Structure formats: C-alpha cells, structure tokens
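On a predicted model such as this, the values are computed, not experimentally measured, just so you know.
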Amino acid sequence: MTLFHLGLDLGGSRSKWHLLRGEQTVASGHTPPLTAALLSTPQGLLNLSALTQALPARPDTVHAGLPGFTSDRPDRDALHGQLAEGLQLRGTQLTLESDLDLAYRTHLHRGQGVLLYAGTGSVAYHVSATGAVVRAGGHGFHIDDDGAGYALGRGALRWLTQELDRGQVPAGPLASAVGALTGGLDWAALRQFAYGAPGAAAVASLAPAVGQAADAGDPAAQLIVQEVARALAALAGTVQARLPAPLPVVATGGALRVSDLFGAALRRSLPGVTVQHRDHAQAAAREAARRVQ
C-alpha cells in the first residue's frame with residue numbers, strides 16, 4: 001500500500017500544505033494561518049478545521065513546521081496533541097518542529113550559513129554543527145517583526161494615518177492598492193481592518209499591495225520597502241557578529257516576493273546575500289515520508 005505524506009509549513013499569514021503519495025505530489029495549497037499562539041484559540045481551531053477539510057485525502061504521516069514552537073516549551077506536548085487531534089491523527093503519525101528549523105534545513109546544512117527569513121515576521125537564524133542556535137528577531141509582532149510582511153503593512157497604515165492626521169486625502173498607487181483591501185481610507189475603515197481580528201495576519205496581508213505600489217513608482221511605498229529591507233539586513237548583521245567567522249546568508253520568505261525592489265534593497269544593505277525560494281511544505285512532506293522509511 002502506498003502511503004500519503006503531508007507536509008505543513010504553517011504561518012502567521014497563511015498555512016501551506018503539500019501532499020505526497022509515495023514520492024509523487026498529489027496536491028498542494030494554502031489555508032488560513034496557524035501558529036503556536038493561535039492553535040489553542042477559537043480562531044485557531046477554525047483555521048485548523050479549514051486545513052483538515054482542504055486535504056483531498058487523509059494522510060498517513062505528517063511533518064509540520066509550526067511558528068512559535070520549540071522543543072523546550074512547557075506546552076510542547078499539548079501543542080502536538082492539539083494539532084494531531086485537529087488533523088484527526090494519532091499522535092505517532094505527526095512529527096512537529098519549529099518553522100525556522102524546517103526552513104533552515106530546507107536551505108542550509110548545519111553550521112554552513114545564516115538563514116534570513118521574511119514572512120509575516122522576520123528572523124535571522126543560524127544552527128551550528130552541534131545544533132546550537134544563534135538568532136535575532138522573530139519575537140512576534142508585539143515586539144519586532146520589523147523586516148517582513150507585517151512591517152510592510154504597518155508602514156502603509158502608518159503612512160495613510162499620517163496623511164489623515166495632516167488633513168490630507170491619501171492618493172496615489174499605495175493609497176489605491178491598500179484601499180482596495182481595507183474597504184476605505186478613512187480612520188474608521190483602517191481601524192476596523194487593522195484591529196478587527198487578532199494577530200498579525202490582517203496587517204501583513206497588505207504587504208503585496210505595498211510591493212505593487214512600489215513597482216508602480218509610488219515614492220512612499222518605495223521608502224517603506226527600503227526601510228523594511230534595511231531592518232531585515234540588520235538582523236543578519238546581529239547574528240554574524242556573534243559567530244566565530246562570517247558565513248553566507250540565504251534570504252527567503254513570502255515578503256521577498258512582493259516586489260523585486262525588496263530583493264534589490266536587501267542586496268544593497270547586505271552585499272553577498274543570496275535570495276532563494278524553495279517549497280518548505282514540500283520539504284516537510286518529504287521529511288514525513290523519510291521518517292517512515
């Protein structure tokens with residue numbers, strides 16, 4: 001019998017899945033966000049249910065990268081159990097790790113570089129040959145996340161509200177792109193959009209609009225992209241300063257896809273960085289398959 005193997009790259013803006021049958025891809029897709037913080041909330045349970053219902057077949061094995069998960073969390077077993085139960089699996093069918101560890105292994109071997117990740121949030125992450133972790137950032141939107149999707153969306157909202165505070169009517173490509181998502185550019189509409197749901201997903205969902213406006217030549221959007229790229233580069237510098245010797249930096253994550261200008265700005269701030277995109281959910285599916293061999 002050929003088994004189904006599911007890989008999950010869970011995230012703060014959306015959750016990506018990849019299903020293999022044996023070594024062949026059956027289907028892939030994305031569903032609403034899931035993080036360690038969200039998992040035990042009513043919204044998290046709804047999002048987990050949406051993920052389960054989206055799958056075309058029940059998996060035999062699952063490997064997941066979960067934001068906020070670490071092996072030393074006191075509730076690690078509870079998180080594992082909640083995810084397994086939501087996916088209608090026995091606990092032994094699911095293996096779980098941090099989304100950062102999943103991403104690092106997808107791009108780098110231990111000890112060989114620094115991963116610079118820009119998704120909803122941002123982090124620089126190094127795993128030594130012995131498994132020791134050196135990191136900067138990745139503390140969540142309440143504390144940082146200055147170099148990724150949340151920061152791009154926050155920058156757009158900040159520019160819009162500053163325009164309103166000055167008595168100006170926001171105009172131009174950035175205002176148009178954001179207004180199409182928020183349903184309006186007045187404070188009532190922006191407030192409802194930004195604070196109407198918990199977590200960072202709503203604000204981070206504006207990142208593609210910022211990239212679109214930057215590509216269209218909007219100066220405010222281009223400035224936001226440049227500022228966010230500099231913040232992302234600074235994280236890599238913080239980690240490099242703690243290492244015995246400089247190592248190559250590989251940058252990845254959905255925020256880097258919003259505009260070519262983001263990658264260009266990052267390269268200016270961090271010469272030598274390699275921007276690389278790989279399917280972390282597919283890598284997780286292959287890990288699920290490997291663990292039963």
(request) Taking the side chain as every heavy atom from C-beta outward, state whether Pro33 and Asn47 have any atom pair closer than 4.5 Å. (result) yes
(request) Report, as yes or no, whether the 6.0 Å neighbourhood of atom CD on Glu85 holds more than 12 heavy atoms from other residues, nucleotides or ligands. (result) no
(request) Determine whether Leu223 and Leu174 fall in the same hydrophobic cluster, where Ile, Leu, Val, Met, Phe, Trp and Tyr are linked whenever their side-chain heavy atoms lie under 4.5 Å apart. (result) no
(request) Could you tell me whether the side chain of His280 reaches within less than 4.5 Å of the side chain of Thr106, counting heavy atoms only? (result) yes
(request) For Asp101 and Tyr125, test the side chains for any donor-to-acceptor distance below 3.5 angstrom and give the result as yes or no. (result) yes
(request) Look at the aromatic rings of Tyr150 and Phe141 and report parallel, tilted or perpendicular, splitting at 30° and 60°. (result) tilted
(message) Do Thr35 and Thr120 have side chains that approach each other closer than 4.5 Å (heavy atoms only, starting at C-beta)?
(response) no
(request) May I ask you to test the Val228-Asp146 pair for a side-chain heavy-atom distance under 4.5 Å? (result) no
(request) Verify the distance criterion only: is there a donor paired with an acceptor across the side chains of His63 and Glu97 at less than 3.5 Å? (result) yes
(message) Tell me if the NE2 atom of His30 is crowded by more than 12 foreign heavy atoms within 6.0 Å.
(response) no
(request) Report yes if some heavy atom in the side chain of Gln240 is under 4.5 Å from a heavy atom in the side chain of Val249; otherwise report no. (result) yes
(request) Following the transitive rule for hydrophobic clusters with a side-chain heavy-atom cut-off under 4.5 Å over Ile, Leu, Val, Met, Phe, Trp and Tyr, establish whether Leu38 and Leu100 coincide in one cluster. (result) no
(message) Could you tell me if the side chain of Asp60 sits less than 4.5 Å from the side chain of His5, heavy atoms only?
(response) no
(request) Using a cut-off of 6.0 Å, state whether more than 12 heavy atoms not belonging to Arg166 lie near its atom CZ. (result) yes
(message) Please tell me whether Gln222 and Asp218 have a donor and an acceptor in their side chains that are separated by less than 3.5 angstrom.
(response) no
(message) Hydrophobic clustering (ILVMFWY, side-chain heavy atoms < 4.5 Å, transitive) - are Leu39 and Leu102 grouped together?
(response) no
(request) Give a yes or no on this: more than 12 heavy atoms of other residues, nucleotides or ligands lie within 6.0 Å of atom CG of Asp75. (result) yes
(request) Find out if a path of hydrophobic residues (ILVMFWY) with successive side-chain heavy-atom gaps under 4.5 Å connects Leu232 to Leu115. (result) no
(request) Could you tell me whether the side chain of Leu256 reaches within less than 4.5 Å of the side chain of Leu266, counting heavy atoms only? (result) yes
(message) Checking side-chain polar atoms at under 3.5 Å, does His18 have a donor or acceptor matched by the opposite partner on Thr25?
(response) yes
